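By convention in this document, chain letters (A, B, ...) are assigned in the order of the sequence lines, proteins followed by strands, and residues within each chain are numbered from 1. Bear in mind the structure is a predicted one, so any value in this text is a computation, not a measurement.
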Protein chains: 2
Amino acid sequence: MQLPAAVEALSALAHASRLAVFRLLVRAGPDGMAAGEIAREIGALPNTLSTHLTILGNAGLVRSRRDGRSVIYSADYDGMRDLLGFLVADCCAGRPEICGTLGELTASPDCCT
Amino acid sequence: MQLPAAVEALSALAHASRLAVFRLLVRAGPDGMAAGEIAREIGALPNTLSTHLTILGNAGLVRSRRDGRSVIYSADYDGMRDLLGFLVADCCAGRPEICGTLGELTASPDCCT
DNA sequence: TCGATATTTCTGGAATAATCGAAATATCGA
DNA sequence: TCGATATTTCGATTATTCCAGAAATATCGA
């Protein structure tokens, strides 16, 4: 991931509604949720939410697929990994000992091991 | 970390110059760099950069200390860990098996282990 | 104290982003 | 095909962010 792409992804997440949507989709898992369902859950108008979802999609953080009349959105775990990897790799580059505490981030025994 | 604080941190990083500054400081390590040195490295005017540094500081991503005429800025590793932790914890909540690939993020043998 | 260096604060205008109503598109079931 | 449901696109207004010049503040050395 390059800096401009990282800025785009961070910009996409730097908004209360969009971050809430992203977290919701991350929790929803690969099955995802319909756009309307997300709108209801978040409390946003469908057209506004559609804009947000497009932004998240362009940033590579969510994917979409059509299912009948609905469009199902789901978190893009690869995109998320790229973004976090960019930040963490940056952190540890050259001197792993500096960011020791960051190691505990995902090294917790019940998550991502 | 709560959602508003996460949005503030993500907003702070969602800017090409600020993200570049943050990466620079992360690489610089705990010793940090003087504001003027950062400005030169990034290619920004001192006053503009000062604004950026204030934004990063308010977001909890950098710290500052005065050293004579200079102000030394350094990355706030705790703040960074909080932000990444918020995102990763969110990712893995409840179903660790979903984000398996994210585990490789910081589990690489030469970093943060 | 005075001048030089380093950084910050203040200000205003320009660029960008957010939001909503209305209209358009896509799909389904009858 | 037609009406209903689901979502997106368009257009315009409002709000926010970005940036640089000018001035203010802080520190040091002479």
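- Here C:dT27 is the nucleotide among C:dA18, C:dT8, C:dT27 with the atom lying nearest to any side-chain atom of A:Arg66.
- In terms of hydrophobic clustering, with Ile, Leu, Val, Met, Phe, Trp and Tyr side chains grouped at heavy-atom distances under 4.5 Å, B:Met33 and B:Ile72 are assigned to different clusters.
- Secondary-structure stems of DNA chain C, taken as three or more successive Watson-Crick or G-U wobble pairs (i with j, i+1 with j-1) under a 3.5 Å distance threshold, comprise C:1-30 with D:1-30.
- Here D:dC19 is the nucleotide among C:dA18, D:dC19, C:dT7 with the atom lying nearest to any side-chain atom of B:Thr48.
- Placement of A:Leu19 and A:Val21 within a single hydrophobic cluster is found when ILVMFWY residues are connected by side-chain heavy-atom separations under 4.5 Å, directly or transitively.
- With C:dA18, D:dT8, C:dT9 as the candidates, the nucleotide lying closest to the side chain of B:Asn47 is C:dT9.
- Residue B:Val26 is grouped with residue A:Leu3 when hydrophobic side chains (ILVMFWY) are merged at heavy-atom distances under 4.5 angstrom, including chains of intermediate members.
- Across all strands shown, A:Ala34 has heavy atoms under 4.0 Å from sugar-phosphate atoms exclusively, and none from any base.
- Residue A:Tyr73 places at least one side-chain N or O under 4.0 Å from the OP1 or OP2 atom of D:dT8.
- Nearest to the side chain of B:Ala35, among D:dT27, C:dT19, C:dT8, sits C:dT8.
- Within the 4.0 Å cut-off from OP1 or OP2 of D:dC18, not a single side-chain nitrogen or oxygen of B:His52 is found.
- Atom CD1 in B:Ile38 sits about 13 Å away from atom C1' in C:dA6, given to the nearest Å.
- Look at B:His15 and you won't find any side-chain N or O under 4.0 angstrom from OP1 or OP2 of C:dA17.
- Proximity of A:Leu87 to B:Arg23: side-chain heavy atoms (C-beta onward) are nowhere separated by under 4.5 Å.
- The distance between atom CE of B:Met33 and atom C1' of C:dT7, rounded to the nearest whole Å, is 15 Å.
- The listed nucleotides are D:dT9, C:dT7, D:dC19; the one nearest the side chain of A:Ser50 is D:dT9.
- For the pair B:Ile72 and A:Thr51, both in contact range of DNA chain C, the more 5′-proximal nearest nucleotide belongs to B:Ile72.
- Residues A:Leu49 and A:Ile55 are members of separate hydrophobic clusters, defined by side-chain heavy-atom contacts under 4.5 angstrom among Ile, Leu, Val, Met, Phe, Trp and Tyr.
- Separating the CZ atom of B:Arg18 from the C1' atom of D:dT17 is a distance of 9 Å, rounded to the nearest angstrom.
- Picking from C:dT7, D:dA4, D:dG29 the nucleotide with the shortest atom distance to the side chain of A:Arg69 gives D:dA4.
- Between the C1' atom of C:dA26 and the CZ atom of A:Arg65 lies a distance of 18 Å, rounded to the nearest Å.
- Atom pair B:Ile55:CD1 and D:dC19:P shows a separation of 9 Å (rounding to whole Å applied).
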For residues 56-64 of chain A, run the donor-acceptor check on the side chains, cut-off 3.5 Å, and write out each pair with its distance to 0.1 Å, sequence neighbours left out.
from, atom 1, to, atom 2, distance (Å)
A:Asn58, ND2, A:Thr54, O, 3.4
A:Arg63, NE, A:Asp76, OD2, 3.3
A:Arg63, NH2, A:Asp76, OD2, 3.4

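- Between A:Leu19 atom CG and C:dA17 atom P the separation is 18 Å, expressed in whole Å.
- Considering only heavy atoms from C-beta on, B:Tyr73 comes within 4.5 Å of B:Val71 through its side chain.
- Residues B:Glu41 and B:Leu24 have side chains in contact (heavy-atom distance under 4.5 Å, counting atoms from C-beta outward).
- Using a 4.0 Å heavy-atom distance criterion, A:Ser70 is classed as a sugar-phosphate-only contact.
- Note: CG (B:Leu53) to C1' (C:dT9) measures 14 Å, nearest angstrom.
- Atom CZ of B:Arg40 and atom P of C:dT5 are 13 Å apart (whole Å).
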